[in-house]
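Per chain, numbering begins at 1; letters A, B, ... match sequence-line order.
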Amino acid sequence: MAKITALLLDVSYEDDSVNSVLKIFVKDKKESYWVFDTNFHPYFYAIFYDEKEIEKIRGMNFGEEKFSVLEIKETRMVAQGKAVHKVVFKKVSHLVQARKDFHDIGIKRFEYDVPFSKRYLFDNALEPGNFVEMEIEEIKTSKGKIYETKKGEVRREIKSIKKVDGDFFENAVVGAFDLETWSGKKFEVGAEPILMASIFSDDEQKVYSYETKKVKGMEMLDNERELVDTVTKKINEFDFIVTYNGDNFDFPYMKKRADKLKTKFLINGEEIRVKRHGLDNAVELEGKQHIDAYQIMKLLQRTGSVNTVKLDLESVSEKVFGVYKEKVFPSEINDAWKTGDAKKLTRLVDYNLKDSEVTYKIAKDFLPLFIEISKLTSQTLADTTRATTSQMVEDLLMKEAHLRGVVAPNKPHEGDVKTRTENPIKGAFVKEPLAGLHEQIAVLDFASLYPSIIISHNISPETLNCAHAECKKNVSSDGTGFCTKEKGLFPEIIERMLKQRLKLKSEYKKKKKEKGIDDRVLFAKQWALKIILNSVYGYLGYARARWYSRECASAVTAWARGYIQDTIKHAEKEGFKVLYGDTDSTFLLMGKKTKGDVEEFTEKVNKILPETMELEIDGFYKRGLFVTKREGGAAKKRYALIDEKGNLKIVGFEYVRRDWCNAAKETQKKVIELVLSQGNPAEAVKFVRKTIEELKSGNMPKKELAIMTLLQREPKDYDSIGPHVAAAEKAIARGKQLGVGSMLSFIITKWNEKASISDKAELEEFVEEGNYDANYYIENQVLPAVIRIMQELGYSREDLLQGGKQTGLSAWG
DNA sequence: TAATTCGCTAGACCGA
DNA sequence: TCGGTCTAGCGAA
């Protein structure tokens, strides 16, 4: 028996003639390999009526195979307050059949839909991305033995396994690849040849092509088939194969081309596995981790960690790494390769390599984050990088619940999902601001408001409405009580995570300050916690969640509304005027008060607050601007602030929205800047006039006029045909391929004065420079973006259109 | 196979 | 033709 410590990379199972056998993929200092655990079997939990019923089930035969359960065992686990039995099967397929039959008989089942491999990770609290320590026995298999390996004669079997901490990247090879293909009239995966391919790792950066001119940086191969074979060979050297949209493009493309060219695209000797993953695909590989950096970017976009209009590699390179990257369009790719023009080809080679490089960089930069999430949730890196935030929270809860002997609630039926969705939970409180220009503003906010409320009030589905008399004081304003005697699952997990995050954050800061070390792993650890902590409240109110709890989610927001409103009242009592507040923030007008007064006030509030809750000072601002809505009243969720150093913070305004053109956004920013930093509205008017003149002249470049909108559904599914839908329809009629998820960039052209805006909308790529409706851009873009700001300063629409301030018209201003 | 609610604005749509 | 209502999108927290 050998003791082995190795990096845990993947989990799967295979069926032999008798059993589903679990296997894990690990990498040690020398090699990577599968290890089998023959002692672990698929199971679910069930509540039986009595011993007789158990006996009956033991004697039953299920399905066409007439199989019986492997065993039924008592457990320490509890579901809905009742003890459950573990019903164990030999094969996953047996479990799948039996769970239906149990339902038909009327036996309550739990965790019957947890995949076998996930089950293994939860039960053993293993952490992919971390290490495992195993006792291994090498079993020589021979014909006739029940467990037979596929290829070798020796199989490593696990006798014991546990998680141990280790340093991840030490021995894993990460490499990216990227393809450039010929563009035909219509796009279809694998229909046209691959023209060029690049690979990028620490050790090797290469670009391959064939049948064109050889230029610098390119390795010339004989034909496409050799290119496919070469790329296949190269990527087989990596442990982590990184792509950008390889789930839907590069991998399926390689496979199709390999088939066509009568060669093989095999990873570790096996075909790639394309799995359905929601609306798109996920590509799994044998004994390799496929990291699709595009999925990583999508997730970062969803969690608000990055914010780019498009998620192509050019935008990512610029926004995330601050490096400009040139785009080479499909038609240019065709042209460069076909003509063999050295200059064009060199540009293409560079582009192809940069694609791989940026892809590789995304993986290198963000893998530490996903490794930490993998550890927290006990999921493989491949799954984590493709997970939604609700899945992460649920995986974490299932893992933690199992450790505590708690069985997870079942997923809701569609009917319940519908009811839940139709009854939304009352959310946050937003105070109507005071419109106008304000001086000396202090912004306060609660640190991790929702998580801290969950902890402070012990909000959890199991602590709901207990019978204790002494818990009666812990009742939310919407009438739900929570036990104060026994800590709930949610508060316990969240408190541990919150404390851990604070610790990591201060460790990270200390290391940076004292040693000048930017410890990315420490940073990733706290970041992973932040992402999950921020998602817990949303999960409680998410209709498909196992632990959905209307009462809990509703209590969280009820308390939150209470805390923010109390803070506002308290501030007013202390002599502050409260300018604005949203969910967890309070804007104070300092008037004659000092920063010290604000600090004192904050401390006072913190003394009253529960221990885990904290009101913090976000910052002090020299000036701030709030505007009046079109229909009257001050607008919430839109404001601009400037601090002592002159840093501008623009929130909610058109400037931060992608569905407004640049000309309008930049004009608005300039106006805000002039008003806030220089107090110079006259100069702002001049600037607006200048923009209007440029628009009138017809010389405004079209990139300043493009409006970005996401096509959220198929064009035929819209009830109301807005400009972006109209533009999309026209483009589709011209042969452009667009669909759900396409980012549209359109322009309102000059065409016919009477035509509707939609009639005049065209995708940017089909519009000539200078073809734009100046009147639309003045009246519907630039003016609306600046008018409400200027109105707060006493300027009218006419002042902006005619220049300067019209005397007499608003002499009161 | 999808974290939540609150809020603003534009432009189409529709009936008087 | 007008004005109210509805659809749609995106951002704040």
*May I have the distance from A:Asp113 (atom CG) to B:dT1 (atom P), rounded to whole angstrom?*
11 Å
*Have a look at A:Arg713 and say if it touches a base, only the backbone sugar-phosphate, or nothing, with a 4.0 Å heavy-atom cut-off.*
sugar-phosphate
_Considering every strand and a 4.0 Å limit on heavy-atom distances, what is the contact class for A:Leu449: base, sugar-phosphate, or nothing?_
nothing
*Classify the nucleic acid contact of A:Tyr639 as base, sugar-phosphate or nothing, counting any heavy atom under 4.0 Å across all strands shown.*
sugar-phosphate
*Separation of A:Arg544 atom CZ from B:dT4 atom C1', in whole Å?*
15 Å
*Using a cut-off of 4.0 Å on non-hydrogen atoms, how would the nucleic acid contact of A:Tyr718 be classed: base, sugar-phosphate, or nothing?*
sugar-phosphate
*Pick the P atom in B:dA2 and in C:dA13, then give their distance to the nearest Å.*
27 Å
*Qualifying residues under side-chain contact (heavy atoms from CB on, under 4.5 Å), relative to A:Asn780, sequence neighbours excluded*: A:Ile757, A:Tyr776
*Under 4.0 Å between any heavy atoms, over every strand shown, what does A:Thr709 touch: base, sugar-phosphate, or nothing? Just pick one.*
sugar-phosphate
*Once you round it to whole Å, what is the distance between C1' of B:dA3 and CZ of A:Arg546?*
16 Å
*Can you give one letter per nucleotide of nucleotides 5-11 of chain B, going 5' to 3': B for a protein heavy atom under 4.0 Å from the base, S for sugar-phosphate only, - for none?*
SBSSSSS
_Of all pairs that satisfy side chain to side chain donor-acceptor pair (under 3.5 Å), the ones with a partner from residues 755-764 of chain A, not counting sequence neighbours_ = A:Arg734-A:Glu762, A:Ser745-A:Glu764, A:Ser756-A:Asp759, A:Lys760-A:Asp773
*Please name all residues satisfying side-chain hydrogen bond (donor to acceptor under 3.5 Å, both in side chains) with A:Glu614, sequence neighbours left out, ordered by chain then number.*
none
*With A:Arg713 as the cation and A:Tyr718 as the aromatic partner, state whether NZ or CZ is under 6.0 Å from the six-membered ring centre and within 45° of the axis.*
yes
*What residue pairs, at least two apart or across chains, pass salt bridge (charged side-chain N to carboxylate O under 4.0 Å, His left out) with a residue in residues 558-569 of chain A?*
none
_Aromatic centroids of A:Tyr548 and A:Tyr542 separated by under 6.0 Å_ = no
*For DNA chain C, which nucleotides open and close the run of contacts to chain A, 5' to 3', at under 4.0 angstrom from a non-hydrogen atom?*
C:dT7 to C:dA13
*asked:* Tell me every residue that passes side-chain hydrogen bond (donor to acceptor under 3.5 Å, both in side chains) with A:Asp416, counting only those two or more places apart in sequence or in another chain.
replied: none
_So, using side-chain hydrogen bond (donor to acceptor under 3.5 Å, both in side chains) as the criterion, who are the partners of A:Arg420 when residues are at least two apart?_
none
*List in chain and number order the residues that pass side-chain contact (heavy atoms from CB on, under 4.5 Å) with A:Ala553, two or more places apart in sequence or in another chain; answer none if no residue qualifies.*
A:Ile425, A:Tyr537, A:Leu540
*Rounded interatomic separation in angstrom, taking CD from A:Glu729 and P from B:dA12*: 13 Å
